[in-house]
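Worksheet for the structure shown next.
Index from 1, following the sequence. Read the numbers this way: they start at 1 and go in the same order the structure lists the ligands and their atoms.
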Amino acid sequence: MQFIIPINQYKTPLWSIHCSTNKPVTLTSETQKLKQKMKTVCVTGGSGFIASWVVKFLLQKGYTVKASVRNPGDPKKVEHLLALDGAKERLHLFKANLLEEGSFDAEITGCDGVFHMASPFFHNVADPQAELIDPAVNGTLNVLRSCAKSPSVKRVVLTSSIAAVAFNGKPRTADTVIDESWWSLPDLCRQNRMWYVLSKTLAEEEAWKFAKEKGIDLVTINPFMVIGPLLQPTLNTSATYILNYISGMFFTPKNTQSTCYEDVRI
Ligand SMILES: NC(=O)c1ccc[n+]([C@@H]2O[C@H](COP(=O)([O-])OP(=O)(O)OC[C@H]3O[C@@H](n4cnc5c(N)ncnc54)[C@H](OP(=O)(O)O)[C@@H]3O)[C@@H](O)[C@H]2O)c1
């Protein structure tokens, strides 16, 4: 099943999807805490804007977190993570690149769940295939292949995007609800040179195909622009939009009919 969060109504915190259950909760808070402490989850692209918040919330909830970073030696990418409450005891950073086949295998093995959040998010590219599409699509498959190899992984949460579903030429008004039937059209993306949009569309499509084939319990999340306080010391793309409003250099991607903002903390 594909979960599309209707724009303007995105209320479910990312981290609670992993924690949610249909079964009645009969554990005392003490045993519940102990049980959660024993759970280990992997977050790919841990130093990114949204992923840093997910790592923070997972640590707060007692999870052991294995977070991938491309360059563990870069203080700008890791210091804010290492300073989080619980990081000393329960955060393990590991080096992995989306384009390196098998580089997530060892760390995903034994995890209960995986949040796949690593994906290039920018618009100015010289080589869209190499800079955006390959890491998004092949990287997602790379991570899912690692998940398929590890029987301990019960669920994979993929941070897809509104980009994957909303760009198909259908009119979007204030009353439009973008649901599971919506997909962005790759040809339209190519025609309009919306390379990031194309990368997210193809990545989510491939993710669903692979997950169905391998029986992976996949949840996709399709947020619009995510904003909020930055934990990392550098600006990501969605925060740059806000800075551009403030500095007067407003920029909005071509063919955007509307823009919504969601708070990373809720
Ligand atoms: N922010 C939004 O408004 C928004 C909205 C909808 C969906 N999303 C999706 O949510 C996810 C996170 O977005 P964000 O805004 O938090 O982005 P971000 O801050 O730019 O983080 C992206 C992360 O992906 C990692 N990454 C990129 N290429 C990689 C590669 N080849 N190998 C390994 N890691 C790689 C980056 O690693 P480095 O730190 O080493 O560069 C970074 O940790 C993305 O999948 C994005 O498409 C974001």
Side-chain angles (χ1 to χ4, degrees), residues 3-5 7 10 14 42-56 67-81 93-104 107 114-125 127 129-143 146 156-167 178 184 194-204 207 219-244 252-253 256 259-265:
F3 289 78
I4 305 288
I5 312 298
I7 50 175
Y10 179 63
L14 295 181
C42 176
V43 178
T44 69
S47 50
F49 166 56
I50 305 177
S52 295
W53 275 96
V54 171
V55 170
K56 180 182 164 80
S68 79
V69 286
R70 269 196 285 189
N71 184 3
D74 182 350
K76 281 197 204 135
K77 299 289 177 183
V78 299
E79 265 180 3
H80 66 286
L81 295 174
L93 300 179
F94 68 99
K95 185 179 165 109
N97 193 306
L98 289 170
L99 294 169
E100 208 177 294
E101 191 61 40
S103 70
F104 295 86
E107 302 292 340
V114 174
F115 289 83
H116 176 43
M117 314 197 76
S119 200
F121 178 21
F122 38 80
H123 299 288
N124 292 330
V125 287
D127 183 345
Q129 188 67 38
E131 292 173 61
L132 289 174
I133 297 162
D134 287 347
V137 179
N138 300 343
T140 297
L141 289 173
N142 189 15
V143 170
S146 304
V156 180
V157 179
L158 166 69
T159 310
S160 182
S161 171
I162 193 77
V165 292
F167 296 86
I178 296 174
S184 294
M194 297 190 293
W195 305 120
Y196 169 71
V197 175
L198 180 63
S199 76
K200 296 303 279 184
T201 308
L202 298 178
E204 187 177 338
V219 174
T220 60
I221 303 201
N222 299 70
F224 217 112
M225 298 295 280
V226 182
I227 56 168
L230 306 177
L231 297 179
Q232 82 282 11
T234 50
L235 281 174
N236 72 312
T237 297
S238 51
T240 308
Y241 275 57
I242 300 301
L243 182 67
N244 288 346
T252 191
T256 299
T259 303
C260 303
Y261 292 93
E262 293 148 15
D263 191 320
V264 70
R265 295 162 295 183

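- Both the backbone and the side chain of F49 come within 4.0 Å of ligand 1, counting heavy atoms alone.
- Listed by atom number, the atoms of ligand 1 under 4.0 Å from S238 heavy atoms are 1 (N), 2 (C), 3 (O).
- At least one heavy atom of S47 sits less than 4.0 Å from an atom of ligand 1.
- Heavy-atom proximity to K77, at under 4.0 Å, picks out these atoms of ligand 1: 38 (P), 39 (O), 41 (O).
- Considering backbone and side-chain N/O atoms, M117 comes within less than 3.5 Å of an N/O atom of ligand 1.
- Less than 4.0 angstrom separates some heavy atom of T159 from each of these atoms of ligand 1: 9 (C), 10 (O), 11 (C), 45 (O).
- Residue-to-ligand polar distances keep S161 apart from ligand 1: every N/O pair is separated by 3.5 Å or more.
- Considering each of P223, A118, P120, P135, the one bringing a non-hydrogen atom nearest atom 25 (C) of ligand 1 is A118.
- Near Y196, the atoms of ligand 1 lying under 4.0 angstrom from a non-hydrogen atom of the residue are 7 (C), 8 (N), 46 (C), 47 (O).
- Taking every heavy atom of M225 and a limit of under 4.0 angstrom, the matching atoms of ligand 1 come to 3 (O).
- Between N236, V54, T234, it is N236 that holds the heavy atom closest to atom 14 (P) of ligand 1.
- At least one heavy atom of N97 sits closer than 4.0 Å to an atom of ligand 1.
- When heavy-atom distances to ligand 1 are checked against a 4.0 Å cut-off, S160 comes that close only through its backbone atoms N, CA, C and O.
- Checked against a 3.5 angstrom limit, the closest N/O atoms of G48 and ligand 1 fall inside it.
- Every atom of ligand 1 is numbered from 1 in the order shown, and the set under 4.0 Å from a heavy atom of G45 is 43 (O).
- Between V226 and ligand 1, at least one pair of N/O atoms sits closer than 3.5 Å.
- The residues R265 and D263 are annotated as salt-bridged, a charged nitrogen and a carboxylate oxygen being separated by less than 4.0 angstrom.
- At a 3.5 angstrom cut-off on N or O pairs, Q232 does not count as close to ligand 1.
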